[in-house]
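For reference, the structure is listed below as structure tokens.
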Protein chains: 2
Amino acid sequence: MAAQVELDVVDMRLLRALQDDARMTNRELAARAGIATSTCSDRLARLRDAGVMCGSAVRIEPSAVGRPLEAMLAVRVHPHRRPLVDPFVRHVLAQPETRHLYHLTGPDDFLIHVTVVDAADLQRLVLDELTARDEVVMVHTHLIFHQWRGGPLLPPGAEG
Amino acid sequence: MAAQVELDVVDMRLLRALQDDARMTNRELAARAGIATSTCSDRLARLRDAGVMCGSAVRIEPSAVGRPLEAMLAVRVHPHRRPLVDPFVRHVLAQPETRHLYHLTGPDDFLIHVTVVDAADLQRLVLDELTARDEVVMVHTHLIFHQWRGGPLLPPGAEG
DNA sequence: GCTGAAAAATGATAGAA
DNA sequence: TTCTATCATTTTTCAGC
């Protein structure tokens with residue numbers, strides 16, 4: 001986990017900017033934050049080393065790579081014990097359709113966000129990769145009509 | 001949306017690399033894909049213009065910015081019609097705790113992925129920002145024990 | 001569509017405040 | 001710490017293959 005570090009206004013500006021465009025140059029980043037480029041480099045290194053920033057990724061349009069259909073799969077497993085849960089998690093993560101896997105409280109143990117080619121692909125995923133497994137008790141499929149990303153991740157009360 | 005473009009093996013290599021590290025330099029990217037740096041620049045511009053890559057973001061550790069608790073909120077709204085749904089969506093997206101909002105098929109209309117400061121913050125979000133609204137019929141709260149990201153987004157059958 | 005060299009932009013460094 | 005100035009590196013552009 002991240003070491004607890006104090007983040008000031010400048011750090012927050014950098015994080016906000018990089019959250020909207022991870023490929024922004026150091027130069028532009030410094031300009032936006034109102035600091036020198038060298039200072040900016042130092043700050044970024046510090047944020048990285050402290051574990052505040054943990055990696056980055058380009059967003060890829062799923063439909064552009066042949067996976068236009070998205071769904072949430074709610075899964076109940078039984079018995080809900082680690083020796084059975086760990087292989088289940090590994091299996092789900094091994095599926096190329098898996099985008100995110102969440103272990104939740106509540107009646108449904110897991111939620112899987114998947115991007116699939118079409119309904120047939122989704123059916124295969126549910127029948128052959130999930131319900132076929134002994135530990136899987138139930139799978140509920142929810143298609144995603146639309147999704148939105150939230151705003152920048154900021155501590156409540158931080159400056160704009 | 002993305003124009004339908006043909007993606008070859010080299011494009012897929014670039015996308016995979018950038019999905020793991022959006023700040024990777026053009027030089028390293030070209031080396032991994034086995035192409036000249038200039039070709040790599042061209043390819044990236046093409047992928048961007050075609051809408052295959054739609055933005056990028058650094059991942060920020062929620063606990064490092066004071067929001068260590070994550071949850072999924074399942075919400076039912078009524079009546080489920082656009083004049084009421086649109087304001088609801090705007091309101092949810094206006095909350096700084098909102099990371100993702102999904103509009104789903106099934107008994108629950110929306111799923112909200114939130115990062116919060118603590119249980120009190122979560123309670124406030126549910127009571128004051130969601131159930132307080134007329135169109136919200138029900139909110140189920142599911143804490144996130146743990147989450148995993150899926151592998152790289154690849155079209156099925158693509159080369160490794 | 002790919003390459004390689006020139007031009008432009010960028011990142012890293014050191015030294016001073 | 002932060003900034004300014006310098007320099008090595010990198011990215012982009014473009015003519016030719």
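Letters A, B, ... mirror the listed sequences (proteins, then strands); counts begin at 1.
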Exercise. Is atom CZ of Arg149(B) surrounded by more than 12 heavy atoms (other residues, nucleotides or ligands) closer than 6.0 Å?
Worked result: no
Figure out the [atom1]/[atom2] separation between [X] and [N], and round it to whole Å.
X        : N       : atom1 : atom2 : result
Leu44(A) : dT2(D)  : CG    : P     : 12 Å
Leu14(A) : dT1(D)  : CG    : C1'   : 15 Å
Asp42(B) : dT12(D) : CG    : P     : 9 Å
Arg23(B) : dT10(C) : CZ    : C1'   : 12 Å

Seminar exercise, completed: Numerically ordered, the residues 26-41 of chain A set in heavy-atom contact under 4.0 Å with DNA chain C is Asn26(A), Arg27(A), Ser38(A), Ser41(A)
Exercise. Does a side-chain heavy-atom distance below 4.5 Å link Leu14(A) with Leu44(A)?
Worked result: yes
Exercise. Does OP1 or OP2 of dT2(D) have a side-chain N or O of Arg43(A) closer than 4.0 Å?
Worked result: yes
For this session: Output yes when Arg46(A) and Asp49(A) qualify as a salt bridge under the 4.0 Å nitrogen-oxygen rule, no when they do not.
Result: no
Exercise. Distance from Arg133(B) atom CZ to Asp128(B) atom CG, nearest 0.5 Å?
Worked result: 12.5 Å
Exercise. Quick one: ring pair (Phe, Tyr, Trp, His ring centres under 6.0 Å) partners of His100(B), sequence neighbours excluded?
Worked result: Tyr102(B), His113(B)
Problem set entry | Hydrophobic cluster (4.5 angstrom, side-chain heavy atoms) - remaining members for Leu143(B) | Trp148(A), Leu69(B), Leu73(B), Val75(B), Val77(B), Val85(B), Phe88(B), Val89(B), Val92(B), Leu93(B), Leu101(B), Phe110(B), Ile112(B), Val114(B), Val116(B), Leu122(B), Leu125(B), Val126(B), Leu130(B), Val136(B), Val139(B)
